[in-house]
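The basis for the numbers below is simple: all heavy atoms, side chains too, and nothing from hydrogens, waters or symmetry mates. Proteins come first, then strands; the chains are lettered A, B, ... in the order of their sequence lines, and each starts at number 1.
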2 protein chains.
Amino acid sequence: MSNKRSRTLAERIRENFDELTRAEHQLADIILENYPVSAMGSITILANASRVSTPTVARMARKLGFSGFPAMQIALREELEATISNPIAKHERFAEGAPDTHILNRFADAALENMRQSLKRIDPDAFDKVAALLSNSESDVYVAGGRITHTIAQYFFTHMQVIRKGMNLIDAGSSTWPHFVLNMNEGDVLVAFDIRRYERDLLRLAEMATARGATLVLFTDQWGSPAARHARHVFNLRIEVPSAWDSSVVTLFLVEALLAAVQTNTWGETRDRVEALEELFDKTKLFRKFS
Amino acid sequence: MSNKRSRTLAERIRENFDELTRAEHQLADIILENYPVSAMGSITILANASRVSTPTVARMARKLGFSGFPAMQIALREELEATISNPIAKHERFAEGAPDTHILNRFADAALENMRQSLKRIDPDAFDKVAALLSNSESDVYVAGGRITHTIAQYFFTHMQVIRKGMNLIDAGSSTWPHFVLNMNEGDVLVAFDIRRYERDLLRLAEMATARGATLVLFTDQWGSPAARHARHVFNLRIEVPSAWDSSVVTLFLVEALLAAVQTNTWGETRDRVEALEELFDKTKLFRKFS
DNA sequence: AAAACTATGTATAATATTTTTCAATAAGCA
DNA sequence: TGCTTATTGAAAAATATTATACATAGTTTT
C-alpha cells in the first residue's frame, strides 16, 4: 500500500492477482510469461497475444495503479533500465575515504564509463583486422599524432619498434611529413590519432597518404575526425572527463590492447627481437637487475 | 548481403557508423549509451533525448536497413527477448560480439581491475597534497620518466605547461639531467615515473634532486621503485595486463586526475593562459573550426 | 565566389495507438 | 426463472506516434 512507485509491475500483478478477472488473468499470464518483453510492444500486440481486447489491457493498467497503458510501459522501461545497466555496481566508491565528490572518484567514474561506452562501439572484427594489418611486416607502418595525442602515438611507436621493423614515427607539428608520404607505398599503413580540435595537417596527411595507396587506421573521438572518411578502420573513443581537457586513457587502453594482439600474432619473430633487446639493455646496464 | 535478421541493432550501428551523419552520430551515441532501453520508447522521446528531430530518427532506422522506426523497435524487442531468456549473459562482456576470451575483453577486465586495485591504494590526502604542491607556481617543477614512461611524463608536462610556468621536462635517456639538477632549488618539485625494470639513472637523479632540497613525487608500480625511499609522496599503481608489457593506462589515469585537480586549484591564473593559448591556435589556423 | 549538393529541422499529413462508449454476454443471486 | 450486476469486446472517438514534404542552413565542389 505504501510506495507504489518503487514496486515493479510483476510485483503489482502478483499482489493484486486475486482482484483480477478472468480475462485479466489471461493477460497477466502472458505478461509474466516473457517478462518484461511481452509488455514492451503496443497495447494491440499485447491484447492479441493474450487473446483479450485492448480495453481489457488498458483497464488492467489502471487497476494496477497506473494512469494508463503508456504509463505502465514507461515504468516497465525504467525497471528494465535499472536491471540492465547495473552489472558492475555503478556507484561503487573507488578511493575509499574520499567523498563521492572528490575528483578522484568523479574521474574514476568518468574513465570507467568512457571505457565501457568505447568498448561497446568497437567492432571486434575491425580490431582483429587492424591487428593483422600491423602484424604484416611486409608493409611499413607510419604513426602520426596531434598536439596532445603525439605522446600516445609515440608510446605506440616505441612498443611497435620492439615488435617489428619498418616502423616510422611522423614528427609532431612539423612540416616534414611530406617526406614521409613520399616513402609510402601501396599497402603501407598509416596509424593516426586525431581527437577533437581536429588538426588540419592531419587531415591533409590522411588525404595524401591514402592517395598514395596507404591504408589509414584512425583513432578518434566519439564525434569523429574529418579524416575518418579516408580511413579503412576507425576507432571512436569516449574522451570526456570532468576536466578542462579530454582524456587519453581509453585511447591508451586500446593502443595497448592492440599491441598485445599484434605481439601475439607475431610471437615467432617478436621473441627473438625482444630477447635481443633485453640483452642490449643488460649490456648497457641501463636498468637495475630486477628481483 | 547476408542474414540481416541476425544482426543486432548495435552491430548495425557500428558497421554503418561511417555512413552516418553528424545528427545521426548524436543519435547513435544515445542509443548505445543506454542500450537497448533508450530506443524502446517512442520516436519522439528518443529524438528529444538525442537533441535531434524525429525525421532524423526515422531516416536512420531506414539507413540501418529497417522499413521504419517501428520495425526497428520490433527487432530490438526480439533482441532483448533473446538476450534476457539466455542465462549465459551473466558476466559482462565489454566488447559485444567477441568471445570472453578475446584479447579486448581480457584486456578490459585486467585494466579495470588494475584501476580498482590502484585506487584502493591511493591516499586521497596524499593526492590532494601533491596537487597543492604542483599548484604552487613559486616553485619550479621538473618531470622525468624512463624508457617507456617517458611518454607519460611528456603528456603530463605538455598539459602542465598550459597550466603554469616553471615546468621542465628532463630529457629521456640522455645524460643531460645533471644540468637540470644544478638549477633545482629548495622547495622545487621533481615528478618522476619509474615502473619496473627500474632505471639506474632515475634512482641517481632522485638522490641528487632530493639532496638539493627538491621534493620528489614518484609514480611507480605495486612493487615500488628503489627511488621510493627518497620520495615525499609515492603512488603505487597496478600495471599487469595479459601482454608481454606492462600497462600505463592507470598511470595515465592518475596523471589526468592530478591535472584536473591542479587545474581546478589554479583556475584563476590558468584561465587566462588557456584562453591566450586558444587564441594562438586560432591565429595559426592549426585546427579546423569545431562545430 | 557561386552553384550544387547534403543534411537537418519545422510543419503537417498519414498512420497507429489508446481510450471511451456502449451493447452484448456471462455470472451471481433471490 | 428472472432480475441485477459485472465483465467483456466491437466500434468509434480521442490522442499519440510516425512519416512526408519542403524550406533552410551548412558544406563541398566548380
Side-chain angles (χ1 to χ4, degrees), chain A residues 9 13 16-31 38-77 196 198 200 203-204 206-207 210-211 223-230, chain B residues 9 13 16-31 37-77 285 287-291:
Chain A
L9 173 61
I13 290 178
N16 299 27
F17 204 82
D18 300 340
E19 274 84 61
L20 299 183
T21 65
R22 197 257 316 148
E24 285 167 347
H25 280 175
Q26 235 169 279
L27 173 55
D29 279 345
I30 294 295
I31 293 179
S38 37
M40 306 272 294
S42 78
I43 195 173
T44 323
I45 294 173
L46 181 56
N48 290 342
S50 319
R51 290 153 188 286
V52 144
S53 71
T54 53
T56 301
V57 181
R59 272 190 291 257
M60 191 169 88
R62 283 234 150 93
K63 220 165 175 176
L64 295 175
F66 300 99
S67 70
F69 182 79
M72 186 177 99
Q73 263 195 343
I74 289 171
L76 204 54
R77 275 201 295 278
R196 75 169 162 194
Y198 313 114
R200 297 215 158 155
L203 176 57
R204 288 216 302 278
E207 269 165 20
T210 48
W223 304 283
S225 146
R229 85 176 82 141
H230 302 294
Chain B
L9 174 61
I13 290 178
N16 297 29
F17 201 81
D18 298 342
E19 274 82 58
L20 299 183
T21 64
R22 197 257 315 148
E24 286 166 348
H25 282 176
Q26 241 168 276
L27 172 57
D29 273 346
I30 294 296
I31 294 178
V37 183
S38 35
M40 305 271 297
S42 79
I43 196 173
T44 322
I45 294 173
L46 181 55
N48 288 343
S50 318
R51 289 153 190 286
V52 146
S53 70
T54 51
T56 301
V57 181
R59 273 190 290 256
M60 190 168 90
R62 282 236 150 93
K63 222 165 174 175
L64 294 176
F66 301 98
S67 70
F69 181 79
M72 187 176 100
Q73 266 195 341
I74 289 170
L76 206 53
R77 275 200 296 276
K285 309 225 172 182
F287 298 111
R288 281 175 55 107
K289 264 205 192 125
F290 180 57
S291 54

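Recorded end-axis angle for the helix from C:dA1-D:dT30 to C:dA30-D:dT1 stands at 30°, based on five pairs per end and rounded to 10 degrees.
You'll find the side chain of A:F17 reaches within 4.5 Å of the side chain of A:H25, heavy atoms only.
Atom P of nucleotide D:dT18 and atom CE of B:M60 are separated by 14 Å, given to the nearest angstrom. Atom CD in A:E19 sits roughly 15 Å away from atom P in D:dA6 (whole-Å rounding). Put simply, CD1 on A:I45 is 9 Å from P on C:dT18, counting in whole angstrom units.
In this structure, B:S38 contributes its side chain and B:I30 its backbone to a donor-acceptor pair below 3.5 Å.
For A:T44, taking side-chain heavy atoms from C-beta onward, the closest of the listed nucleotides C:dT8, D:dT18, C:dT17 is C:dT17. Of the candidates D:dT8, C:dT18, D:dT17, the closest approach to any side-chain atom of A:R59 belongs to D:dT8. Listed nucleotides: D:dG9, C:dG9, D:dT18. Nearest to the side chain of B:P70: D:dT18.
Within 4.0 Å (heavy atoms only), A:R22 reaches sugar-phosphate atoms of the nucleic acid but no base atom. Note on A:T56: only backbone sugar-phosphate atoms sit closer than 4.0 angstrom, heavy atoms only; bases stay farther off.
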Please tabulate, one pair per line, all N/O donor-acceptor pairs under 3.5 Å involving side-chain atoms of residues 52-59 of chain B, not counting sequence neighbours.
from: B:S53; atom 1: OG; to: B:T56; atom 2: OG1; distance (Å): 3.1

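Using a cut-off of 4.0 Å between Lys/Arg side-chain N and Asp/Glu carboxylate O, B:E19 and B:K63 are scored as not salt-bridged.
Expressed to the nearest 0.5 Å, how far OG of B:S42 lies from CG of B:N48 amounts to 8.0 Å. Rounded to the nearest 0.5 Å, atoms CZ (A:R204) and NE2 (A:H230) are 12.0 Å apart.
Look at A:T21 and you'll find a side-chain N or O under 4.0 angstrom from OP1 or OP2 of D:dT8. When the side-chain nitrogen and oxygen atoms of B:R62 are compared with OP1 and OP2 of D:dT18, none of them lie within a distance under 4.0 Å.
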